[in-house]
Structures are given as C-alpha cells and as structure tokens.
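Quick one: structure below, then a few questions.
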Amino acid sequence: VQERPCVVAPAAGRFDDNYAKWKKFDADAALLELDNEDTTEEGKTMRLSAGQGSAMLNCEGYTKDREEYDLDQDIERNMGGLKKIIAQNFKDASGLKAEGNELMRS
C-alpha cells in the first residue's frame, strides 16, 4: 500500500465568484417571487362590499409589484410598534380607571 497525501487546492477565484453572486442576491426579489407563485395579473377572487357612505373592493391571488411588496413589508414592520402603543394605552387607561374608581368610593 502506497500512501498518497490528499492535497486539495481551491480553484482560483472560486470563493470570490461565489461571494460576488451572494452579494448580488436580492432576498426581497426572491420573496416577492415566492409570494407571486400561483397568482394572476387580474387576481383569482374579487369581492365588493358597500355600506352607507363607503365601499370596499377586496382582491386576492393577484400578482404584486415591487412597490406594493415594499409597502406590505413597511406595514408589517410598523404593526408591531402600533400594537405595543395600543397595549400600553389600554394599560394606562385601565390604571387611571381603577384610580378614578377608588377616588369615587372614598
């Protein structure tokens, strides 16, 4: 048995090429592409509801563009902050109500 050393030399520039591909990768575009799978330009479902002084059109299964995707991401990001603010306001209001009830009783 003759032993041979295992020498693996990396391909020249291979790391740099792969890193450059990764730097160019647009994660938002990939997510948008996933969101738009199995959708149509016009949408699959459309509902219209009308009330006194208002009307609402709801469309589902339609293809989103990049601008709409970015707006959805902003809304999703900001909803967490709004939920925290509302929860804090409810907590403050509950405390003030309890304090007011105590003052009314005394």
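Note that the structure is predicted; figures quoted are calculated from it, not measured. Throughout, residue positions are numbered sequentially from 1 according to the sequence presented.
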Check whether any side-chain N or O of Thr39 sits under 3.5 Å from a backbone N or O of Asp35 as a donor-acceptor pair, and report yes or no. no
Can you list every pair that meets side chain to side chain donor-acceptor pair (under 3.5 Å) and has a residue in residues 45-58, with sequence neighbours left out?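 Residue pairs passing side chain to side chain donor-acceptor pair (under 3.5 Å), neighbours aside: Arg47-Glu60.
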Would you find more than 12 non-hydrogen atoms of other residues, nucleotides or ligands less than 6.0 Å from Glu33 atom CD?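 Counting other residues, nucleotides and ligands, CD of Glu33 stays at 12 neighbours or fewer.
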Can you give me the closest heavy-atom contact between Met46 and Glu42, atom names plus distance?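 That closest heavy-atom pairing would be CE-O, 4.4 Å.
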Please check if the distance between the ring centroids of Trp22 and Phe25 is under 6.0 Å. yes
Between Met79 and Ile86, is there shared hydrophobic-cluster membership here, with clusters defined by ILVMFWY side-chain heavy atoms closer than 4.5 Å? no
Measuring from Gln73:CD to Glu76:CD, what's the distance to the nearest 0.5 Å? 5.5 Å
Has Thr40 got a side-chain atom pairing as donor or acceptor with Tyr62's backbone, closer than 3.5 angstrom? no
Does any non-hydrogen side-chain atom of Lys64 lie less than 4.5 Å from one of Asn36?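 Counting from C-beta outward, Asn36 and Lys64 do come under 4.5 Å.
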Nearest non-hydrogen partners of Cys59 and Gly43, listed with the distance: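 So the two residues come closest at SG-CA, 4.1 Å.
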Approximate separation, where rounding is to 0.5 Å, of Asn101 CG and Glu99 CD: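 If we round to the nearest 0.5 Å, Asn101:CG and Glu99:CD are 10.0 Å apart.
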Would a 4.5 Å heavy-atom cut-off, applied to side chains only, mark Asp26 and Arg66 as touching?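 In contact.
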